[in-house]
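The first residue in the sequence is number 1, and the count goes up from there. Because the structure is predicted, anything quoted here is derived from the model rather than measured.
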Amino acid sequence: MPAQAQPRRTRTRTARLTRTLAVAGTGVAVLALPLFGATGASAAPAESAPAESAPATATALGYPNNLDGWIRASLSVMAKNGIPGSYNGIHRNIMRESSGNPRAINNWDSNAAKGIPSKGLLQVIDPTFKAYHVPGTSFDIYDPVANITAACNYAAKRYGSIDNVFGAY
């Protein structure tokens with residue numbers, strides 16, 4: 001949701017936390033601010049997306065906010081959208097690509113050299129994420145459920161399933 005449409009209470013809490021972090025030390029505030037911005041700025045503008053409920057996240061779908069929950073939530077969204085894949089296939093690829101770090105970014109490969117680094121749990125580049133984004137998930141490439149689901153959608157179209165991916169894809 002755009003910043004101006006957010007409830008004042010949330011904005012106040014965020015501002016207070018930001019000020020607290022700034023007082024604690026500039027380094028802390030600099031590291032924390034992008035995380036706040038990424039959350040609010042990641043939603044699609046209201047005029048470009050149909051009105052729908054909040055994006056599917058692990059916690060919104062009733063799963064824990066950890067790797068196991070992210071995979072299970074993604075599998076739930078995938079099942080609703082006819083995207084094949086298994087827990088083991090997703091987990092294997094996540095461990096190879098990012099070691100389970102949803103904020104992982106590859107700044108050294110050929111994609112990064114072209115200015116489009118791979119990001120997130122399954123190391124997806126922005127154009128692929130946008131092309132294979134699954135409706136109902138966040139538009140934030142670092143969102144674990146959105147990243148997994150888009151990557152599995154891509155893998156399904158290209159390889160039949162994420163289960164068939166055993167190397168960089």
Side-chain angles (χ1 to χ4, degrees), residues 1-3 27-45 47-49 52 54-61 63 65-169:
M1 136 178 18
V28 175
V30 171
L31 290 174
L33 288 174
L35 296 176
F36 292 122
T39 307
S42 64
E47 64 274 1
S48 68
E52 57 182 74
T57 62
T59 53
L61 294 172
Y63 298 96
N65 189 26
N66 59 29
L67 182 58
D68 178 67
W70 302 331
I71 294 171
R72 293 183 187 284
S74 294
L75 285 167
S76 173
V77 174
M78 290 164 56
K80 291 176 185 169
N81 288 279
I83 302 168
S86 71
Y87 185 99
N88 290 338
I90 294 169
H91 188 270
R92 171 176 35 85
N93 281 285
I94 286 173
M95 296 315 291
R96 183 189 65 253
E97 295 292 337
S98 68
S99 300
N101 177 2
R103 303 292 302 174
I105 184 165
N106 181 330
N107 285 316
W108 60 268
D109 71 358
S110 59
N111 287 321
K114 295 175 192 170
I116 48 171
S118 305
K119 301 171 183 174
L121 288 170
L122 283 168
Q123 292 294 282
V124 182
I125 60 174
D126 288 324
T128 301
F129 179 79
K130 288 175 185 166
Y132 292 92
H133 175 263
V134 177
T137 62
S138 171
F139 286 91
D140 180 357
I141 195 168
Y142 291 107
D143 176 86
V145 175
N147 187 279
I148 293 169
T149 309
C152 288
N153 193 23
Y154 167 76
K157 302 288 191 276
R158 178 124 186 191
Y159 305 104
S161 171
I162 192 74
D163 297 338
N164 299 330
V165 177
F166 292 93
Y169 58 108

Identify the two heavy atoms, one from [X] and one from [Y], that lie closest to each other, and give their separation to 0.1 Å.
| X | Y | answer |
| --- | --- | --- |
| S74 | P144 | OG-O, 4.3 Å |
| P102 | L121 | N-CD2, 3.6 Å |
| I148 | L122 | CA-CD1, 3.8 Å |
| Y63 | S76 | OH-CB, 4.0 Å |
| D140 | A146 | O-CB, 3.9 Å |
| A156 | I83 | CB-CG2, 4.2 Å |

[atom2] on [Y] to [atom1] on [X], rounded to 0.5 Å:
| X | Y | atom1 | atom2 | answer |
| --- | --- | --- | --- | --- |
| N153 | I162 | CG | CD1 | 10.5 Å |
| S110 | I116 | OG | CD1 | 8.5 Å |
| K157 | T128 | NZ | OG1 | 13.5 Å |
| C152 | N81 | SG | CG | 12.0 Å |
| D126 | I141 | CG | CD1 | 4.5 Å |

Can you check whether S86's main-chain N or O pairs, donor with acceptor, with D163's side chain at less than 3.5 Å? yes
So, the side chain of N93 versus the backbone of G89: is there a donor-acceptor pair under 3.5 Å, distance only?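 Yes, N93 side chain to G89 backbone: donor-acceptor pair under 3.5 Å.
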Is any side-chain heavy atom of [X] closer than 4.5 Å to a side-chain heavy atom of [Y]?
| X | Y | answer |
| --- | --- | --- |
| V124 | H133 | no |
| L75 | I71 | yes |
| S118 | I125 | yes |

Side chains of T59 and N65, donor plus acceptor under 3.5 Å: no
Enumerate the residue pairs fulfilling salt bridge (charged side-chain N to carboxylate O under 4.0 Å, His left out) with a member in residues 71-98, sequence neighbours excluded, ordered by first and then second residue.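 Residue pairs with at least one partner in residues 71-98: D68-R72.
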After noting the C-alpha distance and the side-chain angles of N147 and W70, does the key distance pass the side chain to side chain contact (heavy atoms under 4.5 Å, CB included) rule? CA-CA 10 Å; N147 187 279; W70 302 331; over 6 Å; no
